[in-house]
Enquirer: 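One structure is given below, represented as structure tokens, and several questions about it will come after.
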Amino acid sequence: MTTDLFDLSDGEPWQEPVGEGVVVLRRFARNTAPDLVQAIGKVASKAPFRHMVTPGGRSMSAAMTCAGELGWVTDRSGYRYQSTDPESGLLWPEIPESFKELARNAAEAAGYRGFVPDACLINRYQRGARMGLHQDKDEQEFSWPIVSVSLGLPITFQFGGPRRSDKPVKILLEHGDVVVWGGPARLFYHGVLTLKAGHHPLTGSCRYNLTFRRAG
DNA sequence: AAGTCCCG
DNA sequence: AAAT
């Protein structure tokens, strides 16, 4: 029997407010996802994914690369944005047009008109990879939001408060979901739990996350 | 110097 | 298994 009243699989994206300044745009990037994944491959052909080392000397489980005028990097000396890839000395690849358009549209849907990111961090999670609770606070200003796009396998996102000790809410993020946080939530702690093994038709065994920022 | 986008 |  058909139950199209409850079948949202081909419907429009919808929004779920998480808290003041935080919204999940469910399936917002679903239609452009194939283009986004292809563009990730092009960026990675110029600036390959790598496991950066934190100031504590440990390697991050998520592999990262960047696009844009500025890229986020970490090494033993700290966390920072810089215009060049430390592995090659070259400028980071440009942010693909499909990325910029999505970031602008998602920010606008969340109430931020005219978002033009100058930094895109691309994270690749494979089985076992995670991201501990942290703040995005290496940018020069915090008036623009963070726009975070999930592609491929699902993962549990945690979104906390201004102090690490604030209990985070858990949100399952699936393919095409976009989270936007800004205003009072701009500096809130967030992270993701360990990625479980799985298979996705577009990305295979991994999850990609694009985060767009205005860093400079 | 402090804190840690890390680990156990 | 997650939280601390």
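In what follows, every heavy atom counts, from backbone to side chain, and hydrogens, waters and symmetry copies are set aside.
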Enquirer: Across the strands shown, which category fits A:Arg130 at heavy-atom distances under 4.0 angstrom: base, sugar-phosphate, nothing?
Expert: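 Sugar-phosphate contact only.
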Enquirer: Of the candidate nucleotides B:dC5, C:dA3, B:dC6, which contains the atom at the shortest distance from the side chain of A:Leu193?
Expert: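 Minimum distance to the A:Leu193 side chain belongs to C:dA3.
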Enquirer: Indicate, with yes or no, if A:Met60 and A:Tyr79 share a hydrophobic cluster defined by side-chain heavy-atom contacts under 4.5 Å among Ile, Leu, Val, Met, Phe, Trp and Tyr.
Expert: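 Linked, A:Tyr79 and A:Met60 end up in one cluster.
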Enquirer: What integer distance in Å separates A:Tyr189:OH from B:dC5:C1'?
Expert: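 It is 10 Å, rounded to the nearest whole Å.
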Enquirer: Ignoring the backbone of A:Lys170, work out which of C:dA2, B:dC5, B:dC6 is nearest its side chain.
Expert: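 Looking only at side-chain atoms, A:Lys170 lies closest to C:dA2.
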Enquirer: Please state how far atom CZ in A:Arg80 lies from atom C1' in B:dT4, giving the value in whole angstrom units.
Expert: 15 Å
Enquirer: When the distance from CD of A:Glu139 to C1' of B:dC5 is rounded to whole Å, what number comes out?
Expert: 12 Å
Enquirer: Rounded to the nearest Å, what distance is computed from the CG atom of residue A:Leu133 to the P atom of nucleotide C:dA2?
Expert: 13 Å
Enquirer: Side-chain contact test, heavy atoms from C-beta onward, threshold under 4.5 Å: evaluate it for A:Phe188 versus A:Gln135 and give yes or no.
Expert: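 No, too far: nothing below the 4.5 Å cut-off.
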Enquirer: Rounded to whole Å, please give me the gap between CZ in A:Phe188 and C1' in B:dC5.
Expert: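 That distance rounds to 18 Å.
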Enquirer: Mind listing the side-chain donor-acceptor pairs of residues 169-183 of chain A below 3.5 Å, one per line with the distance, residues two or more places apart or on another chain?
Expert:
unit_1	atom_1	unit_2	atom_2	d
A:Glu174	OE2	A:Arg27	NH2	3.1
A:His175	ND1	A:Gly152	N	2.9
A:Asp177	OD1	A:Arg27	N	2.8
A:Asp177	OD1	A:Arg27	NH1	2.7
A:Asp177	OD2	A:Arg26	NH1	2.7
A:Asp177	OD2	A:Arg27	NH1	3.3
A:Asp177	OD2	A:Glu174	N	2.8

Enquirer: Specify the separation, in whole Å, of atom OH of A:Tyr79 and atom P of B:dA1.
Expert: 19 Å
Enquirer: Which whole-number value in Å describes the distance from A:Gln158 CD to C:dA2 P?
Expert: 9 Å
Enquirer: Among B:dC5, B:dG3, C:dA2, which nucleotide sits nearest the side chain of A:Asp138?
Expert: B:dC5
Enquirer: Mind calculating the distance between CG (A:Asp75) and P (B:dC5) to the nearest angstrom?
Expert: 13 Å
Enquirer: Which one, C:dA3, B:dG3, B:dC7, comes nearest to the side chain of A:Pro55?
Expert: B:dG3
Enquirer: Under 3.5 Å, is there a donor on one side chain and an acceptor on the other for A:Arg207 and A:Ser150?
Expert: yes
